[in-house]
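To start, the structure itself, in structure tokens.
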Amino acid sequence: MIVAKFGGSSLQDAERIKHVCGIIKDLLVEKPVIVFSALGKSTDMLLDLASSALKGEFDLSEFISYHREVARQLGVDVEDEITPLFEDLEKLLGGVSLLREFSPRTKDYVQSFGERLSVRIITPYLVQQGIDARRFDGWEAGIVTNSLFNEAEVLDESYAGIRDALEPVLGNKVTPVVTGFISKDREGHITTLGRGGSDLTASLIGAALHVKEIQVWKDVDGILTTDPRLVSSARHVPIVSFEEASELAYFGAKVLHPLSIRPAMKTNIPVRIKNSYNRDHAGSLILAEISDQDKKKVKAITVKENVTLVDIVSMRMLGQYGFLAKVFEIFERHQTSVDMVATSEVSVSLTVDHNRRSEEGIAMVIDELVKFSRVSVEANKAIVSVICDINDSTEILAGAFSTLSKNGIPVEMISQGASKVNIGIVVSAENAHRALTLLHELFFPVELAA
Ligand code: ASP
Ligand code: MG
């Protein structure tokens with residue numbers, strides 16, 4: 001058995017869906033469970049509609065005609081299935097515009113329409129093409145979450161729930177088609193697993209059913225040494241470990257939802273990233289353990305922008321314990337998460353993500369820190385992360401430093417990540433792109449043609 005998940009970009013129009021249907025046909029021998037995201041960018045469309053509704057006016061026609069047009073081009077008659085959903089959505093957005101209120105719970109309800117529509121349009125098409133497919137909304141497939149709307153956490157009972165729901169179907173040689181991203185809490189309210197959460201759905205189902213492999217079909221050939229839009233000589237990476245993959249995802253590679261591979265990791269199931277636009281390409285394989293031969297000094301380099309650097313120097317705490325604990329307690333209380341840390345006896349430097357959500361938190365943290373320390377805050381930094389085998393870190397650091405210094409790029413802070421596969425280098429935002437390019441050239445030199 002395998003799980004095969006197809007993201008929005010693989011389902012953006014009828015032509016792509018037909019292509020995906022061909023892929024699924026070839027996977028039938030593997031007894032797949034299929035997970036679908038919303039079509040194309042429909043989750044973004046839904047969120048845009050909700051913000052318009054919040055301002056008092058919204059127009060559903062584009063969203064509706066997009067879905068109807070895809071169904072029409074696929075030649076399936078699903079009006080009875082999708083019209084009630086459009087009507088619900090219309091009512092829901094009407095409520096938002098009337099009340100001028102959009103709670104996290106309502107947001108999940110709104111977002112859920114994307115995935116629900118997608119399986120209702122595509123499953124009948126698969127059936128028409130001779131695949132014995134049956135659709136499941138996330139909750140029908142046994143997935144249950146807590147009530148942390150927008151970023152709901154999956155409850156352990158889901159594992160048994162998934163088996164109970166899907167095993168009988170698989171036993172009858174039927175192919176289950178499950179909505180990614182959405183689920184319900186115990187009270188029956190619709191929840192979502194966070195943006196990009198369909199990967200998590202796939203990994204969860206894979207773990208529950210102990211499948212042979214979880215395939216995540218995207219629009220890229222898998223993991224690359226860096227972002228090809230930033231460095232054109234970026235290369236494909238065939239095999240990475242779970243730890244490397246999580247660091248990559250967290251520090252800026254837009255390949256996988258960082259938390260999404262956790263269930264697969266815990267149960268030791270390989271995750272393969274494949275390109276639905278280039279299906280003959282082997283993709284990238286993520287494994288718990290990788291052989292020595294696949295261990296490369298440097299696997300990949302990522303860049304994370306919008307980072308704020310905070311330097312905290314203790315004024316009174318020299319020789320006293322509890323300084324770090326006190327500092328981190330303040331960050332915790334204001335729910336501001338720290339990415340990188342470097343410490344000495346009397347000071348600590350750390351980085352935080354700068355975004356609209358964290359701005360207020362950072363300000364409150366600083367207010368408290370200045371009461372007992374000297375604090376400097378510098379925005380507009382970037383973290384360049386070198387994903388590597390930490391056994392070689394001395395050599396890698398030496399190389400990175402000499403390259404950056406030769407090119408006049410000051411390093412503002414460095415740190416080795418906790419999972420031991422990541423060296424983080426903080427530079428100013430204006431130097432970030434050049435630092436990335438230089439380090440990529442250093443660790444992945446372009447071989448000159450003879
Ligand atoms: N449709 C959701 C999103 O766009 C979930 C997913 O695609 O994984 O975030
Ligand atoms: Mg999506």
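Index from 1, following the sequence. When a ligand or atom number is given, it counts from 1 through the structure's own listing order. Since the structure is predicted, the reported quantities are computational estimates derived from the model, not experimental observations.
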Describe, in one word, how the ring planes of F86 and F63 are oriented to each other, choosing from parallel (under 30°), tilted (30 to 60°) and perpendicular (over 60°).
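Perpendicular.
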Examine [X] against ligand 1 and note whether any of their N/O atoms are separated by less than 3.5 Å.
| X | answer |
| --- | --- |
| T43 | yes |
| G196 | yes |
| K5 | no |

Check each atom of ligand 1 against the heavy atoms of [X] and keep those under 4.0 Å away; list them by number with element.
| X | value |
| --- | --- |
| S198 | 5 (C), 6 (C), 7 (O), 8 (O) |
| R195 | 3 (C), 4 (O), 9 (O) |
| F181 | 2 (C), 5 (C) |

Is it true that atom CD of Q73 has more than 12 heavy atoms of other residues, nucleotides or ligands lying nearer than 6.0 Å?
yes
Does atom CD of E157 have more than 12 heavy-atom neighbours, drawn from other residues, nucleotides or ligands, at distances under 6.0 Å?
yes
One thing to verify: whether E69 and R72 come together as a salt bridge, which I'm taking to mean a side-chain N less than 4.0 angstrom from a carboxylate O.
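Yes, R72 and E69 are salt-bridged.
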What do you reckon, does E115 put a non-hydrogen atom under 4.0 Å from ligand 1?
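E115 counts as a contact of ligand 1 under the 4.0 Å cut-off.
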Return yes when G197 approaches ligand 1 closer than 4.0 angstrom through a heavy atom, no otherwise.
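Contact present.
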I want to check something: taking the side chain as every heavy atom from C-beta on, are S284 and V240 in contact at a cut-off of under 4.5 Å?
no
Given I423, D227, I425, L439, the one that forms side-chain contact (heavy atoms from CB on, under 4.5 Å) with I301
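Result for side-chain contact (heavy atoms from CB on, under 4.5 Å) with I301: L439.
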Check L85, L39, V78 against L117 for a side-chain contact (heavy atoms from CB on, under 4.5 Å) and give me the one that passes.
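Of all the options given, the one that passes is L85.
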Would you kindly specify which portion of S37 sits under 4.0 Å from ligand 1, judged on non-hydrogen atoms: side chain, backbone, both or neither?
side chain
